[in-house]
Amino acid sequence: QVSLAESGGGLVQAGGSLRLSCVASGNILNINAMGWYRQAPGKPRELVARLTTTGMSNYADSVKGRFTISRDNAKNTVSLQMNSLKPEDTAVYYCNLNGQVFTSSHSQDFWGQGTQVTVSK
């Protein structure tokens with residue numbers, strides 16, 4: 001139904017930067033929000049940043065002031081600029097889309113495959 005293509009993960013030193021991008025494709029009727037979640041080994045998946053189509057944003061307390069989420073609504077693309085990275089940011093980052101496909105009468109969540117972000121000390 002919906003495919004989320006993620007890119008930009010990698011290995012960086014503490015204090016460095018990375019930019020993650022996610023492009024959504026498929027039979028999308030409406031997008032309510034797009035965002036990024038992350039999951040570290042042995043930890044539950046948690047919200048990193050989220051942005052609605054109307055421009056409302058939400059960030060995890062641990063990334064406020066360091067990460068910035070942006071979106072190109074026309075291209076169904078969301079990006080996450082990550083600055084001043086810390087070792088505790090190490091995780092698999094997943095792109096998320098909340099929206100509706102043409103064949104459904106309700107909104108639902110769609111997930112990307114995940115991209116590894118590793119921050120060395």
Side-chain angles (χ1 to χ4, degrees):
Q1 303 181 86
V2 176
S3 179
L4 301 175
E6 302 152 323
S7 62
L11 173 65
V12 297
Q13 192 175 31
S17 299
L18 284 174
R19 183 176 179 86
L20 304 182
S21 295
C22 175
V23 181
S25 61
N27 298 319
I28 304 170
L29 174 63
N30 177 67
I31 298 176
N32 302 129
M34 293 186 71
W36 292 91
Y37 291 69
R38 67 186 181 188
Q39 186 170 26
K43 301 291 185 180
R45 186 178 300 178
E46 66 175 358
L47 172 70
V48 178
R50 181 177 181 269
L51 186 64
T52 69
T53 303
T54 55
M56 303 296 292
S57 62
N58 180 247
Y59 293 89
D61 289 339
S62 60
V63 308
K64 288 181 179 178
R66 300 188 297 120
F67 292 9
T68 302
I69 190 168
S70 61
R71 181 179 165 190
D72 185 336
N73 292 335
K75 295 183 177 296
N76 294 337
T77 300
V78 65
S79 298
L80 184 68
Q81 179 66 45
M82 305 185 293
N83 298 326
S84 301
L85 284 162
K86 304 175 180 180
E88 49 263 46
D89 294 318
T90 296
V92 177
Y93 284 68
Y94 296 90
C95 181
N96 167 262
L97 182 154
N98 180 268
Q100 185 178 359
V101 295
F102 285 98
T103 55
S104 179
S105 61
H106 62 279
S107 296
Q108 55 192 300
D109 284 312
F110 301 91
W111 297 92
Q113 184 178 0
T115 183
Q116 178 71 45
V117 171
T118 302
V119 184
S120 64
K121 188 176 183 178

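This structure is a prediction, so every number in the text was calculated from the model and none was measured. Starting from 1, each residue takes its place in the sequence as its number. Note that these values count all heavy atoms, side chains included, but never hydrogens, waters or copies made by symmetry.
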Check: Any donor-acceptor pair under 3.5 Å linking the side chain of Glu6 with the backbone of Cys95?
Finding: yes
Notebook entry, point to check: Atom OG of Ser62 and atom NZ of Lys86: how far apart are they, to the nearest 0.5 Å?
Noted result: 8.0 Å
Item checked: Test log, rule side-chain contact (heavy atoms from CB on, under 4.5 Å), inputs Val117 and Leu20 -> CA-CA 9 Å; Val117 171; Leu20 304 182; 4.2 Å; yes
Notebook entry, point to check: What about Leu47 and Val92, same hydrophobic cluster or not, with Ile/Leu/Val/Met/Phe/Trp/Tyr joined at side-chain heavy-atom distances under 4.5 Å?
Noted result: yes
Check: Between Asn83 and Ser17, which heavy-atom pair has the shortest distance, and what is it?
Finding: OD1-OG, 2.9 Å
Margin query: Side chains of Asn98 and Ser107 only: does a donor on one sit below 3.5 Å from an acceptor on the other?
Written below: no
Next item on the list: Please answer: with hydrophobic residues joined when any side-chain heavy atoms are less than 4.5 Å apart, are Phe67 and Tyr37 in the same cluster?
Entry: no
Next item on the list: Please check if Val63 and Leu80 belong to a single hydrophobic cluster, counting links between Ile, Leu, Val, Met, Phe, Trp and Tyr side chain heavy atoms closer than 4.5 Å.
Entry: yes
Next item on the list: May I ask you to decide if Val101's main-chain N or O and Ser104's side chain share a donor-acceptor pair within less than 3.5 Å?
Entry: no
Margin query: Distance check, rounded to the nearest 0.5 Å: Ile31 atom CD1 versus Thr52 atom OG1?
Written below: 11.5 Å
Next item on the list: State whether the side chain of Arg38 and the backbone N or O of Ala91 hold a donor-acceptor pair below 3.5 Å, judged by distance alone.
Entry: no
Notebook entry, point to check: Do Tyr59 and Tyr93 belong together in a cluster built from hydrophobic side chains that touch within less than 4.5 Å?
Noted result: yes
Margin query: As an exercise, state the distance from CG of Leu97 to CZ of Phe110, rounded to the nearest 0.5 Å.
Written below: 7.0 Å
Check: Does the cation-pi check pass for Arg45 over Tyr94, that is, NZ or CZ under 6.0 Å from the six-membered ring centre and within 45° of its axis?
Finding: yes
Next item on the list: Using the salt bridge (Lys or Arg N to Asp or Glu O under 4.0 Å) rule, collect all pairs that involve residues 52-65, keeping only residues at least two apart or in two chains.
Entry: Asp61-Lys64
Check: For Gln13, does the CD atom sit with more than 12 other heavy atoms under 6.0 Å from it, leaving out its own atoms?
Finding: no
Notebook entry, point to check: Could you state the interatomic distance from CG (Leu4) to CE (Met34), rounded to the nearest 0.5 Å?
Noted result: 5.5 Å
Item checked: From CA spacing to verdict: side-chain contact (heavy atoms from CB on, under 4.5 Å), Thr103, Gln1 -> CA-CA 9 Å; Thr103 55; Gln1 303 181 86; 4.0 Å; yes
Margin query: Test your reading of the model: is there a side-chain donor-acceptor pair from Ser79 to the backbone of Ser70, 3.5 Å cut-off?
Written below: no
Notebook entry, point to check: Under a 4.5 Å side-chain heavy-atom rule over Ile, Leu, Val, Met, Phe, Trp and Tyr, are Leu85 and Trp36 clustered together?
Noted result: yes
Note to self: What I'd like to find out is whether the side chain of Val48 reaches to under 4.5 Å of the side chain of Ile69, using heavy atoms alone.
What the structure shows: no
Item checked: Distance-only donor-acceptor check, side chains Thr118 and Gln116, under 3.5 Å -> yes
Check: Just how far is it from atom CG of Asn96 to atom CG of Asp109, taken to the nearest 0.5 Å?
Finding: 4.5 Å
Next item on the list: Look up atom CG in Asn76 and atom CZ in Arg71, then write down how far apart they are to the nearest 0.5 Å.
Entry: 7.0 Å
